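Right, one structure below, let's go through it.
Reminder, nothing fancy here: chain letters follow the sequence lines and each chain counts from 1. Since the model is a prediction, treat every value here as computed from it, not as a measurement.
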There are 2 protein chains.
Amino acid sequence: MHNINIKELAKSLNLSTSTVSRAFRDNSDINKATKERILAKAKELNYQPNHYASNLREQRSRTIAVIVPELANNFFSQAIHGIERVAREKGYHILIFATEDEYEKEVSFIRHLHNGRADGIIMSVSGEANDHTYLDELAEKRLPLVFFDRVYEDIITPRVITNDYNSSFSAAKHLIKQGCTRIAYLVINKNLSIGKTRMQGYLDALEEFNIPYDDKLVIDCTNSYRKNNTILKNMLSKVKPDGVFTSVERLAFATYYACYDLNISIPNDLKVIGFSSLEIAPLLNPSLTTITQPATKIGIEAALLLFKLLEAPETVDLNCQIVLDSTLVKRNSTALKS
Amino acid sequence: MHNINIKELAKSLNLSTSTVSRAFRDNSDINKATKERILAKAKELNYQPNHYASNLREQRSRTIAVIVPELANNFFSQAIHGIERVAREKGYHILIFATEDEYEKEVSFIRHLHNGRADGIIMSVSGEANDHTYLDELAEKRLPLVFFDRVYEDIITPRVITNDYNSSFSAAKHLIKQGCTRIAYLVINKNLSIGKTRMQGYLDALEEFNIPYDDKLVIDCTNSYRKNNTILKNMLSKVKPDGVFTSVERLAFATYYACYDLNISIPNDLKVIGFSSLEIAPLLNPSLTTITQPATKIGIEAALLLFKLLEAPETVDLNCQIVLDSTLVKRNSTALKS
DNA sequence: TTGTACGCGTTATCAC
DNA sequence: GTGATAACGCGTACAA
């Protein structure tokens, strides 16, 4: 593909390349008439300044990298949507990376981004990471980074999160109020900060209502549908909980499937509540009580924060965190009678 | 952010930049020992060749642009997932653009991409486009383009689609076999090729079973949840269909909501079938009978096709189309008795 | 207001 | 096998 470049455009106008270049920047002194003449011709010839040359020259890419654990997930696709909107308004592009919850990929993406490909990173961390020091390289090189939702506690950088502790306290409390006393807590990775925080809310709610904690009710699940199905069926038949609180959307679905298989009636035999960004939660059988995070808003806030970091780093406290509220929507999966 | 460049790396090794550069390409003559020495040092200093300089020099970006109507949509996020996987294996990045079904954005994205930002485009077209000639500019400039799922019939370029005609014929047939005689067909944009093809399957199925066509049963919906709700409630109460066939996932959901509001029982009063990539269709109330497109596979195939176009354009027939099969999964929303 | 000349970081070509 | 150098397309300091 041969695209017209600034030289050819200049030649066709009998101008120098610098004059043409100036027509595309706002700050430069240039005769209004010539500028218009240039822009007109540019449009005619469909000239677009080469991004790579500009980036090289200006030492920035006007691109932000978005790293998420997975794409086929309501929360992340909504968040990306929010990020994309802000980025587009700012004239930035977004580059998408999916770690598929693999730590190695996360590290490799981050390292790779040292090549100037992006001006900043918005990331929700993978579930399996243990050693986060590789991120400190970022700090040294000062490539702006904003976390959202899933964060590493030990890395100091701005973050946008929801009040997971409060939300899960409310969720557990709601189950208790609906009469549950044996509430299972389903988590995918206990060590991930988000798993820990959400679990603490659950624990504290139990304590507040004097419900004894039983560690057999805390179930560590996986990312595999098949394994989860086995784990859950096993748990449901042996531990016999009367409520299930899932820290991740996927586990609520898994619970439904397991209950279907075992002929356990929700909410009569078992009440279910879960973190979820599913827009059609009301259409489930039974409709699912959810703690819904403002996913799009989270994306928007994360992007705004990153741009602040890019445009005026001195105004941003690296310790800052934006905390948004999730919403507890009560539906039939936790109703008293179906 | 200051990243180390090839010059500094060369200097720290007492080598020339050309030698260092050679260490990173496979084809060049270079002493094995020096190569290793260079790579070791590069790793130590965390050197990454600057993408923009390489791109400028090599006149390609190793990036593909993905343009979709929307991101918060199961079909598209799964497809993007597939594209991302292939791209990553090839060492490419993907740039995401969401048109939000606005024709202007689509045009602007495409024009923008003339600046060398991407080596190729994978696109599912927006719903509102009328004039596609702007795409011919692409043809002239030979920026490789692959369509998937939603295509423009009048633009000649490779495409990956599903057999929409057959699928919707089967879907309509299934409804008929289940006893429906007044089947509504819900579409978002009748003029879009995908809307037309799917509708033809519906029409032909009606004809085959001698069911008269009633144009009051073909409902043009919108992208707005609120408007659709009004349109559908109105339709359901006035036209009183006994079956609904939705050409788009979202309209199946809208139908469910409308039925809930009007106390219409699915499937007793009304049977529903729809195109949908929802993984939890079995969990809906009632579980939704779907025509499910192999979304991830479509993405993978589209990406493979684009890479073929990039790597060996002469081997690709621009008229080629890959047709994948969708699956009709019968569930309770079309059952005889609930 | 416009033009000239240089450099951004890389790689390919040509010497040695 | 390695080094010097030009060029990719653009933006800006400086000169005119």
Side-chain angles (χ1 to χ4, degrees), chain A residues 1-39 41-42 45-63 91 112-119 141, chain B residues 1-39 41-42 45-63 91 112-119 141:
Chain A
M1 184 189 67
H2 171 72
N3 275 327
I4 185 171
N5 60 26
I6 200 172
K7 230 166 164 178
E8 298 172 67
L9 179 57
K11 202 161 149 196
S12 80
L13 284 158
N14 271 325
L15 287 170
S16 76
T17 59
S18 36
T19 309
V20 174
S21 176
R22 270 186 274 259
F24 290 93
R25 0 237 87 252
D26 290 334
N27 52 352
S28 296
D29 288 341
I30 184 171
N31 184 301
K32 211 172 168 186
T34 37
K35 178 166 177 176
E36 278 165 16
R37 201 157 63 90
I38 293 169
L39 293 180
K41 193 75 175 180
L45 300 180
N46 197 24
Y47 165 75
Q48 296 274 356
N50 182 295
H51 225 190
Y52 292 97
S54 303
N55 293 161
L56 183 56
R57 179 63 232 237
E58 294 185 16
Q59 297 291 74
R60 66 167 173 179
S61 59
R62 290 186 187 278
T63 298
H112 184 80
L113 287 169
H114 280 224
N115 69 358
R117 194 73 218 272
D119 296 341
K141 303 241 179 175
Chain B
M1 183 190 66
H2 171 72
N3 276 327
I4 184 172
N5 61 26
I6 200 172
K7 236 167 164 173
E8 296 172 70
L9 179 57
K11 204 163 151 193
S12 80
L13 284 159
N14 271 324
L15 288 171
S16 75
T17 59
S18 9
T19 309
V20 173
S21 175
R22 268 188 277 260
F24 290 93
R25 3 235 84 257
D26 290 333
N27 51 352
S28 297
D29 289 341
I30 184 172
N31 184 300
K32 213 174 168 186
T34 32
K35 178 167 178 175
E36 277 165 16
R37 202 158 61 91
I38 293 169
L39 293 181
K41 192 76 175 179
L45 300 181
N46 198 24
Y47 165 74
Q48 296 275 355
N50 183 294
H51 223 197
Y52 293 97
S54 302
N55 293 163
L56 182 57
R57 179 61 233 231
E58 295 186 12
Q59 297 291 77
R60 65 166 173 182
S61 58
R62 289 185 186 278
T63 298
H112 184 79
L113 287 168
H114 280 224
N115 68 357
R117 196 72 217 275
D119 296 341
K141 303 241 179 179

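Atom CZ of Arg37(A) and atom C1' of dT1(C) are 13 Å apart (whole Å). dG9(D) atom P lies 7 Å from atom CG of Leu56(B), rounded to whole Å. The CD1 atom of Ile6(A) sits 14 Å away from the P atom of dC8(D) (whole-angstrom rounding). When rounded to the nearest whole Å, the span between CZ of Arg57(A) and P of dG11(D) equals 9 Å. Spacing between atom CD1 of Ile38(B) and atom C1' of dG3(D) amounts to 12 Å, rounded to whole angstrom units. Rounded to an integer number of Å, the gap from CD of Glu8(B) to P of dC8(C) is 11 Å. Summarising the geometry, the separation between CG on Leu9(B) and P on dT10(C) is reported as 9 Å, rounded to the nearest angstrom. Here dA4(D) presents its C1' atom at 14 Å from CG of Leu15(B), a figure rounded to the nearest Å.
In terms of modelled atom types and a separation under 3.5 Å, the side chain of Thr63(A) and the main chain of Ala118(A) share no donor-acceptor contact. Judged by distance alone, the side chain of Tyr52(A) and the main-chain N or O of Arg117(B) form a donor-acceptor pair under 3.5 Å.
The listed nucleotides are dG9(C), dT2(D), dT12(D); the one nearest the side chain of Ile30(B) is dT2(D). Among the nucleotides dG3(C), dT11(C), dC8(C), the one closest to the side chain of Thr17(B) is dT11(C). Distances were taken from every side-chain heavy atom of Pro49(A) (C-beta onward) to each of dT11(C), dG9(D), dC10(D); the shortest belongs to dC10(D). In this structure, the nucleotide among dG9(C), dT2(C), dG3(C) sitting nearest to the side chain of Ser18(A) is dG3(C).
Take the nearest nucleotide of DNA chain D for Asn14(B) and for Ala53(B): the residue whose nucleotide is more 5' is Asn14(B). Along DNA chain C, the nucleotide nearest Lys32(A) and the nucleotide nearest Phe24(B) are compared for position; the residue whose nucleotide lies closer to the 5' end is Lys32(A).
Within the structure, a side-chain polar atom (N or O) of Ser54(B) is placed less than 4.0 Å from OP1 or OP2 of dT11(C). Within the structure, a side-chain polar atom (N or O) of Thr19(A) is placed less than 4.0 Å from OP1 or OP2 of dG3(C). Residue Thr34(A) has a polar side-chain atom (N or O) positioned under 4.0 Å from OP1 or OP2 of dT2(C). Between Gln59(B) and the phosphate of dG9(D), there is a side-chain N or O to OP1/OP2 separation shorter than 4.0 Å. Residue Asn5(B) places at least one side-chain N or O under 4.0 Å from the OP1 or OP2 atom of dG9(C). Using a 4.0 Å cut-off, no side-chain N or O of Tyr47(A) falls inside it from OP1 or OP2 of dG9(D). One finds no side-chain N or O of Tyr52(A) lying less than 4.0 angstrom from the OP1 or OP2 phosphate oxygen of dG11(D).
A distance of 5.5 Å separates CG in Leu13(B) from CZ in Arg37(B), rounded to the nearest 0.5 Å.
For the pair Tyr47(A) and Ile4(A), the tightest heavy-atom approach, listed with the atom from each and the gap, is CD1-O, 3.5 Å. Pairing each heavy atom of Asn115(A) with each of Gln48(B), the nearest pair is CB-CB, 3.5 Å. Residues His114(B) and Asn46(A) share a closest heavy-atom pair of ND1-ND2, 2.8 Å.
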Hey, what are the protein-to-nucleotides 14-16 of chain D N/O distances that come in under 3.5 Å?
none

Report task. Please lay out, stage by stage, how Asn5(A) and Glu8(A) fare under the test side chain to side chain contact (heavy atoms under 4.5 Å, CB included). Result -> CA-CA 6 Å; Asn5(A) 60 26; Glu8(A) 298 172 67; 3.3 Å; yes

Expected list for residues 15-22 of chain B: side-chain donor-acceptor pairs under 3.5 angstrom, two or more places apart:
unit_1	atom_1	unit_2	atom_2	d
Ser16(B)	OG	Ser18(B)	N	3.4
Ser16(B)	OG	Ser18(B)	OG	3.2
Ser16(B)	OG	Thr19(B)	N	3.3
Ser16(B)	OG	Thr19(B)	OG1	3.1

